[in-house]
A.B. asks: 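My questions will all concern the structure given below.
Remember, predicted model here, so these are calculated numbers, not experimental data.
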Amino acid sequence: MRKPPSVDMPSRESSPLTRRDWLRRCAAGGATLALGTGLYAWRVEPHWVEVTHHAMPFVGLPAALVGKRLVQISDLHVGPVVDNDYLRGVLRRLADLEPDYLAITGDFMTTRGDEEIDLTIETLREAPIADTPTVAVLGNHDYADNFRNAAVADRFADRLRDLGIRLLRNESIELDGLQVAGCDDLWARRADLFATLNQVELSRPTLCLSHNPDTVDLAGWTTFSGWVLSGHTHGGQCRFPLLGAPVLPIRNHRYARGHVRLSGGRNLYVNRGLGYSRRVRLGVRPEVTVFTLTTA
C-alpha cells in the first residue's frame, strides 16, 4: 500500500504585537510586580532587622570608656499591631551583640490606656536589662491615646524602673564617666530641655536621649556638643525611589533617619525603630544600632 504523499504545511508567521497586546502585557507585569512588592512590604521587611554599626566619638572621653558598646533600640510599639513573638525574638538576640550599655528611645507601646503595660513589661524581660545598664526615655505613644495621659505614663514609668531601667524624664545620670541626659516627650508637651541640660556639665562628654528628633531644634542647647539619640520617625516606614518617604511625623525632614551632623558640633542619630504603626515597611528595614565609643 502506497503512502500518501506528504504535504508541506505553510508556516504561520507570528502576528505583529499590537498596542493593545503591549498594554495588556505591561499591565500584567505591573500587577505581578505590585503584588510581589506588596507581599514583601507586608510579610518580609517589617521583621527583617538590620544591625548597623557606627563610631560614637566624644571629646575628652575617659579611657575606661573607649571601645565600649552602646546598643540603641527604639519604637517597639508593643500592642495589638506589632507581632509580639517577633519583638521578643529581637530582644533576646540583643545579648549576642555584647552591649555594655543599652539605650531605649521611647514608644515602648501603643495603647489607648494602661491595657498594654503588663504585656510591654513582660516583653522587655527578654532584653538583657538585668545584665546591662539600661537608660531610656518615653515617647508620645507611651502617653496613651492623644499622647496626653500623664497618669498612664507615670504608672508605666514606675514599672520600667522596677524592671531596672533608668528612665530619664528631663533628668540626667552618669554612666562610668559618661553623662546621659534624657528629655521627656515633645508631643506629650513634657519636654523641658533647659531642665534636662542644666543638670550636666556641658564641657564633659554627654549623651542625650530624646524620642522626637525635632527636639534638637529647640532653644537651649547652648554649648552642648555631644550626641543625641532619637527614634519616632520609623525612618518614614516606606521610602520610594525619587519620592523618598511621603509621610514623616516631624517638622524637619532632615531628621528622617540615620546620622545627621548639627550646628555647634552636635551629632544626631535617628534609629528606624523595631515596630510599626501599620504592618508595612518598604526600603526602611527595622533597626538595632550598635555604637562604639571612641575619642574625637
Side-chain angles (χ1 to χ4, degrees), residues 37 40-56 69-79 81-84 86-91 93-94 96-97 99 101-110 120 123-124 127 135-142 185-187 207-216 227-241 243-262 267-292:
T37 301
Y40 166 82
W42 173 45
R43 301 301 300 177
V44 177
E45 191 164 308
H47 296 168
W48 186 15
V49 177
E50 181 179 11
V51 179
T52 62
H53 294 262
H54 305 271
M56 180 180 275
R69 281 187 165 194
L70 184 147
V71 173
Q72 180 195 10
I73 59 173
S74 194
D75 297 83
L76 280 71
H77 288 285
V78 175
V81 177
V82 181
D83 183 275
N84 196 255
Y86 149 71
L87 287 176
R88 288 173 186 255
V90 175
L91 296 180
R93 293 193 294 274
L94 293 180
D96 297 338
L97 299 174
Y101 309 104
L102 178 62
I104 309 175
T105 46
D107 275 3
F108 290 82
M109 59 183 180
T110 298
T120 304
T123 302
L124 288 169
V135 291
V137 290
L138 297 178
N140 53 295
H141 283 276
D142 300 319
D185 187 64
L186 184 64
W187 281 11
L207 171 68
C208 185
L209 309 183
S210 177
H211 175 68
N212 191 322
D214 276 333
T215 308
V216 301
W227 281 75
V228 182
L229 299 185
S230 296
H232 183 62
T233 67
H234 305 182
Q237 243 184 243
C238 292
R239 300 184 70 87
F240 301 94
L243 296 177
V247 179
L248 281 169
I250 46 176
R251 290 183 177 179
N252 194 329
H253 286 195
R254 287 182 62 210
Y255 310 148
R257 59 178 180 171
H259 182 203
V260 183
R261 297 185 186 277
L262 303 171
N267 285 275
L268 168 68
Y269 193 89
V270 183
N271 180 285
R272 301 190 299 263
L274 291 173
Y276 36 80
S277 52
R278 297 288 185 273
R279 182 169 171 160
V280 59
R281 278 185 181 265
L282 184 63
V284 192
R285 288 168 58 187
E287 178 182 18
V288 172
T289 316
V290 180
F291 295 99
T292 301

A.B. asks: Has Tyr86 got a side-chain atom pairing as donor or acceptor with Leu274's backbone, closer than 3.5 angstrom?
C.D. replies: yes
A.B. asks: Let's go through Leu91 and Ile73 carefully: what are the C-alpha distance in whole Å and the side-chain angles of both, what is the deciding distance for side chain to side chain contact (heavy atoms under 4.5 Å, CB included) to 0.1 Å, and is it a yes or a no?
C.D. replies: CA-CA 9 Å; Leu91 296 180; Ile73 59 173; 3.7 Å; yes
A.B. asks: Taking Val270's backbone N and O only, do any of them form a donor-acceptor pair with Gln72's side chain (distance below 3.5 Å, no angle check)?
C.D. replies: no
A.B. asks: Would a distance-only check, ignoring hydrogens and angles, find a side-chain to backbone donor-acceptor pair under 3.5 Å from Thr233 to Ala256?
C.D. replies: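 Yes; judged by distance alone, with no hydrogens or angles, the pair exists.
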A.B. asks: Taking it one step at a time, do Val260 and Tyr255 satisfy side chain to side chain contact (heavy atoms under 4.5 Å, CB included)?
C.D. replies: CA-CA 7 Å; Val260 183; Tyr255 310 148; 4.2 Å; yes
A.B. asks: Give me the atom names and distance for the closest heavy-atom approach of Glu45 to Tyr40.
C.D. replies: OE1-OH, 2.5 Å
A.B. asks: Any idea which heavy atoms bring Gly231 and Pro213 closest together, and the distance?
C.D. replies: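 Scanning both residues completely, I find the closest heavy atoms to be O-CD, 3.6 Å.
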A.B. asks: With no hydrogens and no angle check, do the side chains of His232 and Asp107 hold a donor and an acceptor under 3.5 Å apart?
C.D. replies: no
A.B. asks: Just grab all the salt bridge (Lys or Arg N to Asp or Glu O under 4.0 Å) pairs involving residues 268-283, residues at least two apart or on different chains.
C.D. replies: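 The answer is Glu50-Arg272, Arg272-Glu287.
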A.B. asks: Can you tell if the side chain of Val49 reaches within under 4.5 Å of the side chain of Val288, non-hydrogen atoms only?
C.D. replies: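 The answer is yes; the side chains approach within 4.5 Å.
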A.B. asks: Rounded to the nearest 0.5 Å, what's the gap from OG1 on Thr215 to CG on Asp185? Could you check?
C.D. replies: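 The OG1 atom of Thr215 sits 7.5 Å away from the CG atom of Asp185.
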A.B. asks: Can you give me the closest heavy-atom contact between Ser210 and Val228, atom names plus distance?
C.D. replies: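 Closest approach of Ser210 to Val228, heavy atoms only: CB-CG1, 4.5 Å.
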A.B. asks: Nearest heavy-atom pair of Gly273 and Asp75: which atoms, and what distance?
C.D. replies: CA-CB, 4.0 Å
A.B. asks: Got a second to check how far Leu124's CG is from Met109's CE, nearest 0.5 Å?
C.D. replies: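 Answer for the CG-CE pair, Leu124 versus Met109, is 10.5 Å.
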A.B. asks: One pair to check against side chain to side chain contact (heavy atoms under 4.5 Å, CB included): His53 and Thr292. What are the steps and the verdict?
C.D. replies: CA-CA 8 Å; His53 294 262; Thr292 301; 5.8 Å; no
A.B. asks: Output all residues satisfying ring-ring contact (aromatic ring centres under 6.0 Å, His included) with Phe240, sequence neighbours left out; order by chain, then residue number.
C.D. replies: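 Per chain and number, Phe240 pairs via ring-ring contact (aromatic ring centres under 6.0 Å, His included) with no residue.
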A.B. asks: For Arg257, give me all partners under salt bridge (Lys or Arg N to Asp or Glu O under 4.0 Å), at least two apart in sequence or on another chain.
C.D. replies: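 If we apply the salt bridge (Lys or Arg N to Asp or Glu O under 4.0 Å) test to Arg257, skipping adjacent residues, there are no hits.
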A.B. asks: Over all heavy atoms of both residues, which pair between Leu248 and Gly235 is shortest? Give the atoms and the distance, please.
C.D. replies: CD2-C, 4.3 Å
A.B. asks: Do Thr289 and Leu229 have side chains that approach each other closer than 4.5 Å (heavy atoms only, starting at C-beta)?
C.D. replies: no
A.B. asks: Roughly how far apart are Asn271 CG and His234 NE2, rounded to 0.5 Å?
C.D. replies: 9.5 Å
A.B. asks: I want to check something: taking the side chain as every heavy atom from C-beta on, are Val135 and Leu207 in contact at a cut-off of under 4.5 Å?
C.D. replies: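 Not in contact.
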A.B. asks: Any chance you could measure Asp83, atom CG, to His47, atom NE2, to the nearest 0.5 Å?
C.D. replies: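 It is 5.0 Å, given to the nearest 0.5 Å.
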A.B. asks: Please test Arg88 against Thr123 for side chain to side chain contact (heavy atoms under 4.5 Å, CB included), starting from the C-alpha separation and ending with a verdict.
C.D. replies: CA-CA 6 Å; Arg88 288 173 186 255; Thr123 302; 3.9 Å; yes
A.B. asks: Quick one: does Arg239's side chain have a donor or acceptor within less than 3.5 Å of a partner on Gly283's backbone?
C.D. replies: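 It does not hold such a pair.
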A.B. asks: In terms of relative ring orientation, are Tyr269 and His54 parallel, tilted or perpendicular, with 30° and 60° separating the classes?
C.D. replies: tilted
A.B. asks: Working to the nearest 0.5 Å, report the span between CH2 of Trp187 and NE2 of His141.
C.D. replies: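 It comes to 7.5 Å.
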A.B. asks: Please find the pair of heavy atoms, one from Pro246 and one from Cys238, that lie closest to each other, and give the distance.
C.D. replies: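 Closest pair (atom of Pro246, atom of Cys238, distance): CD-O, 3.5 Å.
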A.B. asks: Can you tell me how far apart CG (Asp142) and NE2 (His77) are? Round to the nearest 0.5 Å.
C.D. replies: 8.5 Å
A.B. asks: Decide if the gap between the ring center of His259 and the ring center of Trp227 is smaller than 6.0 angstrom.
C.D. replies: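 Yes, they do, as the ring centres are separated by less than 6.0 Å.
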A.B. asks: With side chains defined as the heavy atoms from C-beta onward, is the minimum distance between His211 and Leu186 less than 4.5 Å?
C.D. replies: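 In short, these two side chains do not touch, never coming nearer than 4.5 Å.
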